[in-house]
Amino acid sequence: MTEPDRHVTDATPLLAVVGGGQLARMMQQAAVSLGVRLRLLAESPQDSAAQVVPDVAVGDYRDLHTLRSVTKDCAALTFDHEHVPTEHLQALVEDQVACRPGPQALVHAQDKAVMRARMHELGVPGPRHALVHDAAGVAAFADGVGGFPVVLKTTRGGYDGKGVWLVGSVEESRAAFEAAATADVAILAEEKVDFRRELAALVARSPSGQAAAYPVVESVQVGGVCAEVVAPAPGLSEALATRAQRIALQIAGALDVTGILAVEMFETHDGLVLVNELAMRPHNTGHWSMDGAVTGQFENHLRAVLDLPLGSPQAREPWTVMVNILGGQPEAGPLYDGFPHVFARDPGLKVHLYGKQVRPGRKVGHVTAYGDDLEEVRDRARHAAAWFRGDLGDESE
Ligand code: ADP
């Protein structure tokens with residue numbers, strides 16, 4: 001008798017994940033429930049996800065050899081971040097590795113100029129924009145959109161507001177060009193959208209084309225960092241919510257995205273939605289769904305990349321509010337010390353800590369509250385996050 005093929009006898013798939021941040025850590029949480037095994041490529045054994053995934057390789061995601069060895073025998077490859085070079089992903093695809101999302105899709109989350117050009121082709125509404133190469137280019141662009149201020153962005157490598165500048169004059173554009181030259185990337189100029197608020201539309205999409213759209217949420221950004229998410233976006237008309245979901249589904253289909261696609265949008269004062277940015281992985285604006293939806297984004301991401309039927313994205317309660325825990329007061333003490341107060345005060349609250357070293361402003365966890373009274377739910381979530389941050393140290397309530 002011939003030796004049985006391990007892949008036939010052991011049907012439990014192994015899923016490779018590049019990146020050891022909190023998104024991979026929360027994928028592991030979903031993987032545990034599904035009995036799916038993850039193999040992680042982390043940058044350090046201390047990474048948030050490396051602490052909780054037993055099968056971890058420490059290495060450089062920019063090295064093709066490393067990527068090849070991590071993906072060996074894996075059913076699919078997915079990502080905690082979008083920084084793997086496109087040419088390496090193309091090489092892996094040629095090796096028959098199922099990259100989900102694939103390089104042709106992912107490039108739209110890696111390069112803002114490529115994304116803007118494609119959105120334009122698809123007729124998806126967005127801010128007016130142009131690649132600019134120097135100060136004269138910025139001046140000409142500003143003239144064309146009714147003057148300063150304008151927004152400048154590095155086309156690649158930005159996150160959490162790093163790589164984004166609001167500039168009020170040609171002189172102020174200098175910092176952006178210096179940063180772009182150092183990083184060897186281009187600069188994209190965009191009109192400054194006078195938005196009413198920021199929204200996000202998340203969809204999960206599987207290789208066979210099944211898609212599930214989460215309720216459209218409002219995200220509140222502070223200093224370029226997501227601070228709070230309310231699901232669903234309060235007061236959003238059904239028509240606009242449907243339009244935002246349709247746009248996200250259209251993009252997911254047209255780009256052949258697999259896994260979670262997060263579409264960050266601006267809602268304008270005259271009732272339009274404009275696409276700001278795409279992310280092709282679980283996203284901060286979807287964290288509410290872990291506790292607040294029938295199927296959380298991490299589980300649906302895994303189901304999607306493994307081409308399993310998707311779960312319902314519906315909310316469990318009328319309102320869910322997620323507030324990020326950012327590293328705060330140095331004297332705040334370990335995050336764990338926040339548990340007695342937070343849990344005693346609010347038994348309905350859910351807390352997720354990422355196992356990360358606390359540094360001022362760093363995302364180290366999030367809290368989620370849900371219920372039927374938005375103000376109350378929001379207060380509960382804000383209070384808990386502020387407590388962990390050390391901002392309410394003197395309050396007994
Ligand atoms: P990042 O890659 O850092 O997430 P984004 O493109 O999402 O960069 O920009 C970060 C934040 O900057 C946005 O959430 C929004 O608040 C603001 N911003 C970005 N582009 C514009 C724009 N064209 N008009 C107005 N504000 C913008």
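Counting convention: from 1, in listed order, for ligands and their atoms alike. Being a predicted model, the structure only gives us computed values, none of them experimental.
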Tell me, with the steps shown, if Glu43 and Val58 meet side chain to side chain contact (heavy atoms under 4.5 Å, CB included).
CA-CA 5 Å; Glu43 285 177 68; Val58 173; 6.0 Å; no

Crowded around [X] [atom1]? As in, over 12 foreign heavy atoms under 6.0 Å?
X	atom1	value
Arg174	CZ	no
Glu87	CD	yes
Asp270	CG	yes
His269	NE2	yes

In terms of ring plane angle, is the pair [X] and [Y] parallel, tilted or perpendicular, where the classes change at 30° and 60°?
X	Y	answer
His341	His383	tilted
Phe388	Phe339	perpendicular
His120	His129	perpendicular

Output yes when Arg281 and Asp80 qualify as a salt bridge under the 4.0 Å nitrogen-oxygen rule, no when they do not.
no

Check Lys356, Gln46, Gln28, Arg25 against Gln51 for a side-chain hydrogen bond (donor to acceptor under 3.5 Å, both in side chains) and give me the one that passes.
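The side-chain hydrogen bond (donor to acceptor under 3.5 Å, both in side chains) with Gln51 is passed solely by Arg25 among Lys356, Gln46, Gln28, Arg25.
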
Considering only protein heavy atoms, determine whether one is less than 4.0 Å from atom 17 (C) of ligand 1.
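Under 4.0 Å from atom 17 (C) of ligand 1, zero protein heavy atoms found.
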
Nearest protein heavy-atom contact for [atom]: which residue, which atom, what distance?
atom	value
atom 14 (O) of ligand 1	Glu198 OE1, 2.8 Å
atom 4 (O) of ligand 1	Glu277 OE1, 2.9 Å
atom 27 (C) of ligand 1	Phe266 CZ, 3.5 Å
atom 3 (O) of ligand 1	Gly161 N, 2.5 Å
atom 2 (O) of ligand 1	Lys112 NZ, 2.8 Å
atom 11 (C) of ligand 1	Gly224 CA, 4.6 Å
atom 26 (N) of ligand 1	Phe195 CE2, 3.6 Å

Looking at [X], which atoms of ligand 1 are within less than 4.0 Å of one of its heavy atoms?
X	value
Gln221	14 (O)
Glu190	20 (N), 22 (C), 23 (N)
Glu191	22 (C), 23 (N), 24 (N)

Report the member of [options] with the shortest heavy-atom distance to [atom].
atom	options	result
atom 9 (O) of ligand 1	Val222, Val225, Val164, Asp194	Val164
atom 19 (C) of ligand 1	Lys153, Lys192, Glu264	Lys153
atom 22 (C) of ligand 1	Val150, Leu274, Val151	Val151

What part of Leu166, side chain from CB on, backbone N/CA/C/O, both or neither, has a heavy atom under 4.0 Å from ligand 1?
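Neither part.
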
Test your reading of the structure: does Val193 have an N or O sitting under 3.5 Å from an N or O of ligand 1?
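Yes: some nitrogen or oxygen of Val193 is under 3.5 Å from one in ligand 1.
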
